[in-house]
Amino acid sequence: MAKALIIAELKNGKIVKNGLEAGSKAKALGFDCIAVVLGNGDGAAGIGEIGITEVIQYEYDMYNGESIAATISELVKDKGIDSIIMANSWTGKDISGRIAAALDGPALTDLVELTLDGDRLVGKKPIYAGKAFVNYAAKKSPAVITLRANTFPVVSSPSDAKVEKIKMDVSGAKATLKEFKETQGNKVSLTEASIIISGGRGVKGPEYFPKLQELADLIGGALGASRAAVDAGWIDHSHQVGQTGKTVSPTLYIAVGISGAIQHLAGMGSSKYIVAINKDKEAPIFKVATYGVVEDLFDFVPAFKSEIEKSRG
Ligand code: FAD
């Protein structure tokens, strides 16, 4: 059976869901999986939720992509791994190319589909801001794969994972990360949220974003924004969705007063259901929307919120 190394991350003592998605996909394709968990603390055994039992956890004083990629590349050789599969997270973007280069293998990144053609991995990836897709086939092994978050389901198959903790020495790296500063963003991570409510220029000013945040809190979602709203200084850039913001793929994306420019669609076009609220029925967002509401948002949003509150008693 072909072997896959799943790379998952630990955040606040828990395995980040996108690592479970990567592992579930690898298992569904029939790989024999072992996992590397990156990050400090307990909780790495959480990867056992998807039936992976062999886990190596790397802890470090400070994250360093160069050292992590070098260590993982050696591990891949030692363990005879055929494929390395992880999320297209910040870490995935940082280390996937480095690992592929070290192993002289292909890197197929930001995939929204992954299949096997014989023993070759084939991945589908959106390009040109989501206007087209390409299919890539990995011609060599080991292949490095990154998957778009929230695109692949987590398949639960609980088992007890045995975790070997290793302290990674990052002192030999040529570049050092000095500091991590978390932005004042969402309570729910935008890239992992299954529901996102985003506001655009149509909300007319910064005072409307707290109202959208209340709605997002009510339904367990995260708050997003278009670049026009960010550039106007109405909301922090950490909320921006799109080509020069975050790429998201929630189950439900609600666009409020957003026209649907191609650069915005590039960041949210792969959402499962898109609901657009816009008073202009010709707005391009309606071309990608699953449900369209042609209404003044200042009438619709409060009515929508009050209906949700009523339904919750
Ligand atoms: P507008 O296009 O002005 O749309 C506002 C919408 O609100 C309109 O459709 C209007 O009908 C509607 N509206 C107004 N009032 C109401 C009301 N009362 N009720 C209901 N609807 C109402 N954009 C991004 O979002 N993300 C990016 O990452 C990004 N990157 C870019 C990168 C480059 C290189 C470039 C050139 C552009 C980028 N843009 C990006 C900008 C993008 O082209 C658009 O300008 C931007 O997305 C428009 O934002 P918007 O939809 O909020 O505003």
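Each ligand, and each atom within it, is numbered from 1 in the order the structure gives. Note that the structure is a prediction, hence the values are computed from the model and not measured. FYI, the numbering just counts along the sequence from 1.
Side-chain N/O atoms of Thr109 and Lys93 include no donor and acceptor closer than 3.5 Å.
In plain terms, the two heavy atoms of Gly41 and Glu59 that are nearest each other are N-OE2, 2.8 Å.
For the ring pair (Phe, Tyr, Trp, His ring centres under 6.0 Å) test, residues two or more places apart in sequence or in another chain that qualify with Phe300 are Phe304.
A salt bridge links Lys310 with Glu307: the distance from a Lys NZ or Arg NE/NH1/NH2 to an Asp or Glu carboxylate oxygen falls below 4.0 Å.
Pairs passing the side-chain hydrogen bond (donor to acceptor under 3.5 Å, both in side chains) check and including a residue from residues 253-268, sequence neighbours excluded, read Ser198-Tyr253, Tyr253-His264.
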List, one per line, each side-chain donor-acceptor pair under 3.5 Å for residues 285-298, sequence neighbours excluded.
| unit_1 | atom_1 | unit_2 | atom_2 | d |
| --- | --- | --- | --- | --- |
| Thr290 | OG1 | Ile274 | N | 2.7 |
| Thr290 | OG1 | Ile274 | O | 3.3 |
| Asp296 | OD1 | Phe298 | N | 2.8 |

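Protein residues lining ligand 1, listed by chain and number: Gly200, Arg201, Gly202, Lys204, Ser226, Arg227, Ala228, Gln240, Val241, Gly242, Gln243, Thr244, Gly245, Gly257, Ile258, Ser259, Ala261, Gln263, His264, Asn278, Lys279, Asp280, Glu295, Asp296, Leu297, Phe298 [non-hydrogen atoms, distance under 4.0 Å].
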